[in-house]
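This is a predicted model, so every value here is computed, not measured. Protein chains get the first letters and strands the later ones, always in sequence-line order, with residue 1 at the start of each. Just so it is clear, the values below take in all heavy atoms, side chains as well, and ignore hydrogens, waters and symmetry mates.
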Amino acid sequence: MAQSTVEKGTAVETQAAHKPLRFHVPEPKCRPGSVPDLSGIRLPPGSLPRPAVEAPQEQLHDYAYGLVRVLGDDHRAAGDWLPQLDAEQLRQGLRSMLLTRLYDQRMLRAQRTGKTSFYMQCTGEEAIAVAQAMALEPNDMCFPSYRQQGLLIARGWSLVDMMCQVYNNSGDRMKGRQLPVMYSAKEASFFTISGNLGTQFIQAVGWAMASAYKGDTRLAAAWVGDGTTAEADFHYALTFAAVYRVPVLLNVVNNQWAISSFQGIAGGEVTTFAARAIGYGLPGLRVDGNDFLAVYAATRWAIARARAGLGATLLEFYTYRAAAHSSSDDPSGYRPEGEAALWPLGDPIERLKQHLIAVGEWSEERHAALTAELTETIKAAGKEAESFGTLGNKASSPRTMFDDVFKELPQHLRRQRQQLGY
Amino acid sequence: MAQSTVEKGTAVETQAAHKPLRFHVPEPKCRPGSVPDLSGIRLPPGSLPRPAVEAPQEQLHDYAYGLVRVLGDDHRAAGDWLPQLDAEQLRQGLRSMLLTRLYDQRMLRAQRTGKTSFYMQCTGEEAIAVAQAMALEPNDMCFPSYRQQGLLIARGWSLVDMMCQVYNNSGDRMKGRQLPVMYSAKEASFFTISGNLGTQFIQAVGWAMASAYKGDTRLAAAWVGDGTTAEADFHYALTFAAVYRVPVLLNVVNNQWAISSFQGIAGGEVTTFAARAIGYGLPGLRVDGNDFLAVYAATRWAIARARAGLGATLLEFYTYRAAAHSSSDDPSGYRPEGEAALWPLGDPIERLKQHLIAVGEWSEERHAALTAELTETIKAAGKEAESFGTLGNKASSPRTMFDDVFKELPQHLRRQRQQLGY
Amino acid sequence: MPAMTMIQAINSAMDVMLGRDPDVLVFGEDVGYFGGVFRCTAGLQKKYGHTRVFDTPIAEGGIVGAAVGMGAYGLRPVVEIQFADYIYPAMDQLTSEAARLRYRSGGEFTAPITVRTPCGGGIYGGQTHSQSPEALFTHVCGLKTVMPSNPYDAKGLLIAAIEDDDPVIFFEPKRLYNGPFDGHHDRPVKPWAGHPMGEVPEGYYRIPLGQAAVLRPGAAVTVLCYGTMVHVALAAVAESGIDAEVIDLRTLVPLDLDTIEASVRKTGRCVIVHEATRTGGFGAELSAQVQETCFSHLEAPIERITGWDTPYPLAHEWQYFPGPARVAEALKRVMEF
Amino acid sequence: MPAMTMIQAINSAMDVMLGRDPDVLVFGEDVGYFGGVFRCTAGLQKKYGHTRVFDTPIAEGGIVGAAVGMGAYGLRPVVEIQFADYIYPAMDQLTSEAARLRYRSGGEFTAPITVRTPCGGGIYGGQTHSQSPEALFTHVCGLKTVMPSNPYDAKGLLIAAIEDDDPVIFFEPKRLYNGPFDGHHDRPVKPWAGHPMGEVPEGYYRIPLGQAAVLRPGAAVTVLCYGTMVHVALAAVAESGIDAEVIDLRTLVPLDLDTIEASVRKTGRCVIVHEATRTGGFGAELSAQVQETCFSHLEAPIERITGWDTPYPLAHEWQYFPGPARVAEALKRVMEF
Ligand SMILES: Cc1ncc(C[n+]2csc(CCOP(=O)(O)OP(=O)(O)O)c2C)c(N)n1
Ligand SMILES: Cc1ncc(C[n+]2csc(CCOP(=O)(O)OP(=O)(O)O)c2C)c(N)n1
Ligand SMILES: [Mg+2]
Ligand SMILES: [Mg+2]
């Protein structure tokens, strides 16, 4: 057997001289019981000037640490990010955000009353999906996470169709297979949502490569949460997007929490998520996610860049998950009550509403009327959706369980279906 | 069945207006047949000043795009990166680098003559492993790729033991299980090399967390190639290292090639690999990998930082894979002959040799004598190693095939071993 | 002895090991302050500190990769993968690394890690919160695979897994977390309290890996099952009135073939039950081994009752789930063969 | 008809499909300019341009993830995983995504992708260049799994795989790339030239997925095999002089059970051969199904001859490899039972 020996090392210092090593486990500033305090959140003063669409990414590093804002605390829109949106379009955005929130409220109630097994709200994050849907073309392909229902609503997708999926009823085009809120709507250019976090990020890059390969004009856009940035698919997406200069928008919705883990556990304690882009040679912008106008403006910039053949942009939308992670979650177990109310960037619906009022394009009365109207819309949709059934009553036939595993039903699945009696 | 409808989108532009999209596939400047030309490689003028060990990472971004250099074209060592290494230590480094190269040459010949099935050289990259081994403590834990044999040699590990592994003979402590060059030497704090690229990167982070948890003083260091940075484990490693402020050195050996793919395919066309660090809030330094003194100095800086409780550093060593990827590879199929000779950063052994000569600490005669001596050393080791057998003759008993799958041999493996007749 | 749910028993196993062995660490997504989405690590961070029990980034491959590195150092990390459906990103670190370190290094480096993960359906989890992927691991040499069916076994087996010097994948049937579920989803749920296997000692004890348990001796037919299906099988046997011998495998690899062989040689009949999809499920390996070792004793074909070869659909999970009725029919078929 | 090696036949299949269908793209590590480490894509980038045939970053999960996105768009990407041993980082995209898109979206989105990857040992590749992980994919519903044994089938099956609207994992036994290897490693290597299955048409043809081939009719015993083991089995049959019926499965999922069943009902005996590790290998599923469908016809236990439950060791690969001698012994055992 070969003998092995290790010489004394040649390093200058000797091991004895060294202090014991340690590592650090990030902890949020406050936990239940303590008074909520978000004063730790440093917001850069004003936002940086809107760069030229063709600005080289090396010159954009500061944007990953800044915060694109348009709406001021005085509810006025200012700065050169100010997008060209007329009052009608802003009211359209307000309408879609409000509809999204009311929809969430009704669906959560439906879950509480047993009409569905599960639900996830996007409360406080409505501006992101809605403004981005308006900034994108209707047929640009969206690869969302489970918190972008606002995309479907802003694109005018059928609420009844969405509710049927949530109820897993006979009207559910997914035949009751998927967890509620895991929508799929190809007609609305909305990709089937995966229960596996992050997988859609690299898929969106592949889709956009395909679109570019075909000389198509449709962009792809994808969304992940702050926590999901740690998954491999995030790294794959940024790598492929940078290497092949792919026309895709890569969005990180930093809502401060990943179930019970604050964003520091994903790396947000030491830097921003927009900064990830720098390492790949991509532009990264951090954006006030509760500022409808800022979300729209930053998205338009990234779209223009992609359409100009300059490739992908990483957008971090800085926001706060105002509600529970899901209907199965109770945040009082890990964060102080009332933290949401302290969020320094406010509520996206309230801010756009106040802006429209400030510029004389909206009023409390009109808002109340709109709320009433949309509540009715949802009620009507709810009634229609429930006519297709709710959880546990009127589902698709169990026979459908064996469909769509493959395009054609193979022999072994036919036999299994027979064993089940269908 | 629920009806679904899509409203006309509200985006300002209309799809018709858009130009067809495209994507880009990186290509190296020259391919076989064309005259090699590395003029494209931009080397920053001088290197940036050595930052304080405790400098905040936000202030170090430039170092990811610069190039730490100590040895000038005049073979003189200058600048404030100049490490404290006396002539004896430099000669020690020269010796280890030369031994590594001669070892590679002999093992490649052994492969050509059928004594082993496979071999991988690190020609042109010797300075990285050797200088880093000297900068680290002998018991700091190394998680190498297959191209850091210089670590073992610089640590004085038995050449016979290494050769026995390459020959998969009866002296092979891995019992002939592993591909040649996939060494394991716990006694030399050298982790078992994996055939699966990149897996060791996050393992090194976990190991360093364990060391820190125990209040131990041993650091971990890991190596991957430029191509391997695209794997998930690279992303996991940087994420965990940043989040938990882990005392680990993360090294990327950018030798310009990943088998037949130039570094642009891994993302090197748009930025540096050191820049990946910025996205995670880690310091990243780009270093002249063929400058023994620069490699040593940059490594010492990262070590001091880790020992000071400031966490991980990503080091990109800029070098060139002068030889074939492996004994199974023929680079003439994808890169022009003679490209290596044009490498603007020269050869690490030649450069350290010339430096020592320039400062009057070395001579051609002594170099020739050293070469002769080391050639003898290797020859002797070769003879001893071959006495344990070579490929196909004198291997461990096939009975050992069933050992070490589990700590204890389970019943089903005992039965299988019996079926084989052992 | 205190009555514990399976969650409390699993929590107790980690509590005991954290207390006994300073080299045991517990981490994973949401396992720290919050104590895990299923509460299996509740209270442990508070008790042992946040460098021993902590939250991780959402990166299953990173969690296992870091654990492998810690194991190589000499620690015994116990990691949680929040749902077995999310273990795939860790497949490379488990298959190429944890399962291979000892072998490829000639015994120099090992990965004494435990990977806990909830599996199985019946909670309206849909196709990504219901999977039972154990067969993807039983095929990987170098990994041990365990799936308990009750609180007492869960604690004893988890302690044995943590103390084991090889990597162990520890599947926790989530439908059993709070009660012994027999597959009759339309009947009131039963708690572990009052169930004999819900009696769990406070302190340290272990159940060796690789030993099956004969839960019901019988002469007519052998039923091989594990996890949730143990309770389904017992219900089916009770309802069919067939004198079946019910064997809870508990550990899939290494398999307790002796117990299986002895039983089938006695009964001459065998029904295998698992919740995972059929094709290439662990039932196939069981069927093959029983057939190889008991061929001359078999009086009827070995039957497999399993989940269908489809994803686990939310709305139809009870048509997917191999319940007592399907098992009872199989028992009758093999008896009447 | 021209004689082709398996490499040339695989190259020809991609060449034909790139020529016929503008939606076919080919990419992977080193597949572009260089043409692949095994040369399977040689010349294709030059012929079809670098936006149709290109190199990728070293990220198997990224390669498959991008392919899934392209498939959802409507393309038919054909990706190469350089060695099957390196497919694990892509496990999540294959299992949770490619295999699930059609199902979870109610047929709205599909993943018509083909994943080519060389498998098997016998080339001194050691434990990370020799694996046969097919059983990890045959257990995943929604994936089709193919493994050809010769150039003619390889081309016809690969074309069928590319045209298939579901994801296909296409395993290429690398030991067969250049010749019909029968397991006698100590004898001179045979080339495909001169072998009937080495005769490969230049143009388009397909061999439907899901159809096995009876390569040698026989009455005494049925041998089920695929990939390299087909040639090993044929050699063992020739040397043992036993009148065995040798069936090359070609496609593992969907399985051609009818052909298998008909044969075993006729012979009453069955030997299964694969190179992959034994426990939970595809042979277990085959054994279970044969036993379930042919129980009353079986005159001897079904035997499995496989790789051992260890990693594939370099120095001992011929003791690991299930060669003709081991297969012949099994044939004798089942005949003498
Ligand atoms: C691969 C994978 N791992 C874990 C989970 C369980 N899980 C579901 S949501 C979630 C938190 C995600 O947080 P974030 O990415 O910040 O998105 P958010 O919920 O805040 O919108 C986790 C861990 C999962 N669905 N998939
Ligand atoms: C996971 C995995 N994928 C692919 C391979 C095949 N492979 C071996 S080396 C190599 C190239 C690595 O290039 P790089 O990281 O730059 O390291 P270098 O060889 O240049 O030192 C590839 C693709 C592998 N070993 N493991
Ligand atoms: Mg979040
Ligand atoms: Mg390289």
CD of C:Q127 to OG of D:S96: how many Å apart, nearest 0.5 Å? 8.5 Å
Contacting moiety of D:A300, where chain C heavy atoms sit under 4.5 Å: backbone
Tell me, out of D:T277, D:D309, D:I87, who's got the most heavy-atom pairs with chain C below 4.5 Å. D:T277
C:L298 and D:F295 have their tightest heavy-atom pair at O-CZ, 3.7 Å
Within-4.5 Å side-chain heavy-atom neighbours: C:Y103 and D:P313: yes
Does any backbone or side-chain atom of D:E299 lie under 4.5 Å from a heavy atom of chain C? Answer side chain, backbone, both or neither. backbone
Could you tell me whether the side chain of D:M91 reaches within less than 4.5 Å of the side chain of C:D92, counting heavy atoms only? no
Between D:R104, D:R304, D:H139, which residue shows the highest count of heavy-atom pairs closer than 4.5 Å to chain C? D:H139
Let me know if C:T95 has heavy atoms under 4.5 Å from chain D in its side chain, its backbone, both or neither. side chain
Do the side chains of C:E292 and D:E303 get nearer than 4.5 Å, heavy atoms only? no
Name, in order of residue number, those residues of residues 278-291 of chain C that have a heavy atom at a distance of less than 4.5 Å from a heavy atom in chain D; otherwise write 'none'. C:R278, C:T279, C:G280, C:G281, C:A284, C:E285, C:S287, C:A288, C:Q289, C:Q291
Toward chain C, the part of D:F337 with a non-hydrogen atom under 4.5 Å: side chain
What part of D:S296 lies closer than 4.5 angstrom to a heavy atom of chain C: side chain, backbone, both or neither? side chain
